[in-house]
**Q** 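What follows is a single structure, and I will ask about it in a moment.
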Amino acid sequence: MKYGFLFSIASALLCITAYLHSNFYILCLWPAVSFGVVAAGYLYFGPVVFGKSKTGLLSKFNTIVLLPYLIYAWTAWHLIRLFKREAAYDQLTDKIYIGRRLMNHEVPSFIDHVIDLTCEFSEPRSFREKKYYSYPILDGFIPRSEDLQTWVLEVSRLEGVIYIHCAEGHGRTGLFAAALLIQQGMFNSIEDALEFIKSKRPLVRLGRRQLQVLTETVTATQT
């Protein structure tokens, strides 16, 4: 919810700037619309505002509308990728790997299935050429418990090596991986599952609402 309010404030400030300074009208109006649409996604509409298809690509129209926000998101991602000292991905089990969104040249050949949790990025071609599954979740946000249950059940039935990723491989990835490990019977408690995941990828962190939806999902699965 906080992202929705922050992006709403950014959009409002850009609109005010465009109104007060006519010379900057076009320069400010497009970003204002872009951040306003993203704010609407966080506050009401969900990840659909990015127009990401089941094949892993953002629609051209949504990309144009959201380009100012996307430039911000893509730039931040690349800077973090370049300067953060963290492995691109880590192995949880013989069949499950987790990590960040990878570049084409980073995609390992042994991966059979790709679980993409991002909604703000198009998926690299090397991942889309594998068995690809798009379960879009807003960055720093949560899916519905019912959706998470369905997705985890689908993934638990897959044969082969699975790669689960979001942008950085922390929040959304940790949420999904914990639910999957519990669904597969590897752990009985959320605490144990998260402790195990953090032992493999230490920067995994779940927010309060992510923990809440994970608890709801696990409870519904175990009843």
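This chain uses plain numbering: 1 for the first residue, then up along the sequence.
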**Q** What's the separation between atom CG in Leu214 and atom CG in Leu194, rounded to the nearest 0.5 Å?
**A** 6.0 Å
**Q** May I ask you to check whether Thr150 and Glu146 show a side-chain donor-acceptor distance below 3.5 Å?
**A** no
**Q** Does atom NZ of Lys60 have more than 12 heavy-atom neighbours from other groups under 6.0 Å away?
**A** no
**Q** To the nearest 0.5 Å, what is the distance between CG (Leu58) and CD1 (Ile64)?
**A** 12.0 Å
**Q** What residue pairs, at least two apart or across chains, pass side chain to side chain donor-acceptor pair (under 3.5 Å) with a residue in residues 45-58?
**A** Lys52-Asp116, Lys52-Thr118, Ser53-Thr55
**Q** If the plane angle is over 60° it's perpendicular, under 30° parallel, otherwise tilted; pick one for Tyr72 and Phe35.
**A** tilted
**Q** Pairs under 3.5 angstrom only: tabulate donor-acceptor contacts from the side chains of residues 93-101 to other protein residues two or more places apart or in another chain.
**A**
| residue | atom | partner | partner atom | Å |
| --- | --- | --- | --- | --- |
| Thr93 | OG1 | Lys95 | N | 3.1 |
| Thr93 | OG1 | Ile96 | N | 3.0 |
| Tyr97 | OH | Gln91 | OE1 | 3.4 |
| Tyr97 | OH | Gln91 | NE2 | 3.4 |
| Arg100 | NH1 | Glu106 | OE1 | 3.0 |
| Arg100 | NH2 | Glu106 | OE2 | 2.7 |
| Arg101 | NE | Ser122 | O | 3.3 |
| Arg101 | NH2 | Ser122 | O | 2.9 |

**Q** Would you find more than 12 non-hydrogen atoms of other residues, nucleotides or ligands less than 6.0 Å from Tyr44 atom OH?
**A** no
**Q** Main chain of Tyr69, side chain of Ser34: is a donor-acceptor contact present, judged purely on distance under 3.5 Å?
**A** yes
**Q** Does Ser199 form a side-chain hydrogen bond (donor to acceptor under 3.5 Å, both in side chains) with Glu195? I'd like the steps, not just the answer.
**A** CA-CA 6 Å; Ser199 73; Glu195 184 178 351; over 6 Å; no
**Q** Going by the angle between their ring planes, with limits at 30° and 60°, are Tyr42 and Phe141 parallel, tilted or perpendicular?
**A** perpendicular
**Q** Does Val114 share a hydrophobic cluster with Ile164, counting links as ILVMFWY side-chain heavy atoms below 4.5 Å and allowing steps through other members?
**A** no
**Q** Who pairs with Phe127 by ring pair (Phe, Tyr, Trp, His ring centres under 6.0 Å), at least two apart in sequence or on another chain?
**A** Tyr163, His165
**Q** Please lay out, stage by stage, how Met103 and His78 fare under the test side-chain contact (heavy atoms from CB on, under 4.5 Å).
**A** CA-CA 10 Å; Met103 305 290 285; His78 278 290; 4.0 Å; yes
**Q** Check whether Val213 and Ile197 end up in the same hydrophobic cluster, where Ile, Leu, Val, Met, Phe, Trp and Tyr are linked by side-chain heavy atoms less than 4.5 Å apart.
**A** yes
**Q** Check whether Arg205 reaches the backbone of Pro202 with its side chain - one donor and one acceptor, N or O, closer than 3.5 Å.
**A** yes
**Q** Could you measure the distance from the CG atom of Leu203 to the NE2 atom of His170? Nearest 0.5 Å is fine.
**A** 4.5 Å
**Q** Are any of the side-chain heavy atoms of Ile115 and Trp151 separated by less than 4.5 Å?
**A** no
**Q** Could you go through the salt bridge (charged side-chain N to carboxylate O under 4.0 Å, His left out) check for Lys131 and Asp112 one step at a time?
**A** CA-CA 6 Å; Lys131 294 179 181 177; Asp112 299 305; over 6 Å; no
**Q** I need the Leu148 CG to Ile142 CD1 distance, nearest 0.5 Å.
**A** 9.5 Å
